[in-house]
There are 2 protein chains.
Amino acid sequence: MIRRIPQARDRGIPDATVARLPLYLRALNGLAERGTPTVSSEDLALAAGVNSAKLRKDLSHLGSYGTRGVGYDVQYLIYQISRELGLTQDWAVAIVGVGNLGRALANYGGFVSRGFRIAGLLDADPRVVGDRIAGLVVEHTDELEAVIKKRGVSIVVIATPATAAQQVCDRVIASGVTSILNFAPVVLAVPDGVDVRKVDLSIELQILAFHEQRKANGGPIMAEEWPDGVVM
Amino acid sequence: MIRRIPQARDRGIPDATVARLPLYLRALNGLAERGTPTVSSEDLALAAGVNSAKLRKDLSHLGSYGTRGVGYDVQYLIYQISRELGLTQDWAVAIVGVGNLGRALANYGGFVSRGFRIAGLLDADPRVVGDRIAGLVVEHTDELEAVIKKRGVSIVVIATPATAAQQVCDRVIASGVTSILNFAPVVLAVPDGVDVRKVDLSIELQILAFHEQRKANGGPIMAEEWPDGVVM
DNA sequence: GTGCCTTTGTGAACCCACGCACAAAGTCGG
DNA sequence: CCGACTTTGTGCGTGGGTTCACAAAGGCAC
């Protein structure tokens, strides 16, 4: 049995930590723009909207990059987090589905500035094929496999209608892609080894509605006194 | 000290459960469209992409709505979850910032079909004001407070550039809004009692990049054998 | 060099969530 | 009415994540 001695350069970063690293990165970039040389965990945590102990524990998973009594070197930490997230390399991304959302994504500056290069825009609708969006010409989805192989696409964004998503998904996986960002409101079935992350714009709104309703129905006090006989 | 006796109609739904209810709802709507009258936790879990035990536990927080030996009545469960999430009422939503993303959101069918009514589109750019989008005329952000009050807006979606987000946020809170969905890549500072949910499109992509890099660097086996001396 | 001050990195306790596994409860055929 | 079968609802063990609190570590003034 291999005993795992915890040490600084250990690789086994918790998912929860990975999910927050982009947040820290964003906050750090803001500080860097203003020329701040170093930052304490307290201040960075404030800027990122998290607890400072959590921030320190998160950063400790990448290594011991702080200086006690001083804080973290902003530039150095940006580099380390970027490297950990793999943002120091250039990722070729294809967007399938150029509706309103696909267009918004293609024009979204947050991708390009973080090492993501839009390498292809594809759509099944012939009326859209040929359009220039964000400097790219939209290609037909018939070209999907060719585009992926030719341009070394390793991440695919699915922004198609729900009905087309699974089919597109199957095809990109068959082409060797193992990272998919899905905006279509369906659960994609994928084999082991393929990562799918999903964003459903309406889910967040529904969660807000839940809390909003809760606030309206008698304030923050738990509504235990609810009439129990309401059965429909 | 009040001892909390766990019971069916208890109101204290875990956040993790609330976050999944929209998922179940989506799966149920799919089943309803195909005319399925009842569904077992096993099948529904499969359709929603979760573990069946988790599904049952989640649903048990709303009440005991299943029938042992049979499953759940699809229509009835849709009603119950909708009610719990507050989707049986109509929510007036305003979208601030009508760039690519704001446009995509305004046209997104997933909102309207779940009881969210777009009651206002606002932008600071005079060139956009007056445009018709999704049947609405874009108004100037000067009208923000008026629109919120006049049309009973209770949820605001911020889709502005990062620099404008906090200011918009402050103004909508001053107008009495306590639920905000933020797409701008900044951490909004809000007083207690205000709910902010954020969606950062680039964060998901960065998480994917992390895992993708991990796969490339020596497969699924933990890359412990990494050279330890790389310090920049 | 010494002592004080600041801030990191982490041990440890706590809390929530997940999932197994099973008893309870209901259906259905005969 | 009964017994076999199906499926729910949940008690409980486990594991991961969050937070507190503090010792260790470095900077800085003198």
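Side chains included, hydrogens not; waters and symmetry mates left out as well; all remaining heavy atoms used. Just so it is clear: chains get the letters A, B, ... in the order the sequence lines come, proteins before strands, and each one is counted from 1.
For residues 19-44 of chain B, the pairs satisfying salt bridge (Lys or Arg N to Asp or Glu O under 4.0 Å) are A/Asp200-B/Arg26, B/Arg20-B/Asp58, with sequence neighbours left out. Each salt bridge (Lys or Arg N to Asp or Glu O under 4.0 Å) pair with one or both residues in residues 104-113 of chain A, not counting sequence neighbours, would appear here, but there are none.
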Which pairs, protein N/O on one side and nucleotides 23-27 of chain D N/O on the other, fall under 3.5 Å?
from, atom 1, to, atom 2, distance (Å)
D/dA24, N3, A/Arg68, NH1, 2.7
D/dA25, O4', A/Arg68, NE, 3.4

For nucleotides 11-14 of chain D, list the nitrogen or oxygen atoms of the protein found under 3.5 Å from its nitrogen or oxygen atoms, one pair per line.
from, atom 1, to, atom 2, distance (Å)
D/dG11, O6, B/Lys57, NZ, 3.1
D/dC12, N4, B/Lys57, NZ, 3.2

Under the criterion side chain to side chain donor-acceptor pair (under 3.5 Å), I'd like the reasoning laid out for A/Ser179 against B/Glu212: C-alpha separation, chi angles, the key distance, then a yes or no.
CA-CA 7 Å; A/Ser179 293; B/Glu212 183 71 24; 2.3 Å; yes
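The minimum heavy-atom distance linking B/Tyr65 with B/Gln80 is given by the pair OH-OE1, 3.2 Å. Considering every non-hydrogen atom in both B/Leu28 and B/Val74, the closest pair reads O-CG1, 3.7 Å. Nearest heavy-atom pair, B/Ile207 versus A/Ala19, reported as atom, atom and distance to 0.1 Å: CD1-CA, 3.8 Å.
Between B/Arg20 and C/dC18, a side-chain N or O to OP1/OP2 separation shorter than 4.0 Å is present. Using a 4.0 Å cut-off, no side-chain N or O of B/Asn51 falls inside it from OP1 or OP2 of C/dA17. Taking 4.0 angstrom as the limit, B/Tyr72 places none of its side-chain polar atoms (N or O) nearer than this to OP1 or OP2 of D/dT6.
If you measure from atom CZ of B/Arg56 to atom P of C/dA24, you get 16 Å, rounded to the nearest angstrom. Atom NE2 of A/His61 and atom C1' of C/dT8 are 15 Å apart (whole Å). To the nearest angstrom, P of C/dA17 lies 10 Å from CG of B/Asp58. Here the C1' atom of nucleotide C/dA17 and the CG atom of B/Asp15 are 12 Å apart, to the nearest Å. The nearest whole Å value for the distance from the CD1 atom in A/Ile13 to the C1' atom in D/dG16 is 16 Å. The distance from atom NZ of A/Lys54 to atom C1' of C/dT8 is 18 Å, rounded to the nearest whole Å. Atom OH in B/Tyr65 sits roughly 11 Å away from atom P in D/dG9 (whole-Å rounding). Rounded to an integer number of Å, the gap from B/Leu59 CG to D/dT7 P is 16 Å.
The side chain of B/Ala53 sits closest to C/dA21 out of D/dC22, C/dA21, D/dT19.
Within residues 30-48 of chain A, the residues approached by DNA chain C to less than 4.0 Å at the level of any non-hydrogen atom are A/Ser40, A/Ser41, in residue-number order.
No option in B/Ile155, B/Val199, B/Leu85 other than B/Ile155 meets the side-chain contact (heavy atoms from CB on, under 4.5 Å) test with A/Leu205. Just one of B/Ile180, B/Thr178, B/Val190, B/Val194 meets the side-chain contact (heavy atoms from CB on, under 4.5 Å) condition when paired with B/Val172; it is B/Ile180.
Checked by atom type and distance alone, the side chain of B/Gln75 never pairs as donor or acceptor with a backbone atom of B/Ala32 at under 3.5 Å.
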Sequence neighbours excluded and cut-off under 3.5 Å, please list the side-chain donor-acceptor pairs for residues 156-168 of chain A, or say none.
from, atom 1, to, atom 2, distance (Å)
A/Gln166, OE1, A/Ala189, N, 3.0
A/Gln166, NE2, A/Asp170, OD1, 2.8
A/Gln166, NE2, A/Ala189, O, 3.1

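Distance check, rounded to the nearest 0.5 Å: OG1 of A/Thr38 to CG of A/Leu77 gives 11.5 Å.
Note: B/Tyr108 and B/Phe111 have perpendicular aromatic rings, judged against thresholds of 30 and 60 degrees for the angle between ring planes.
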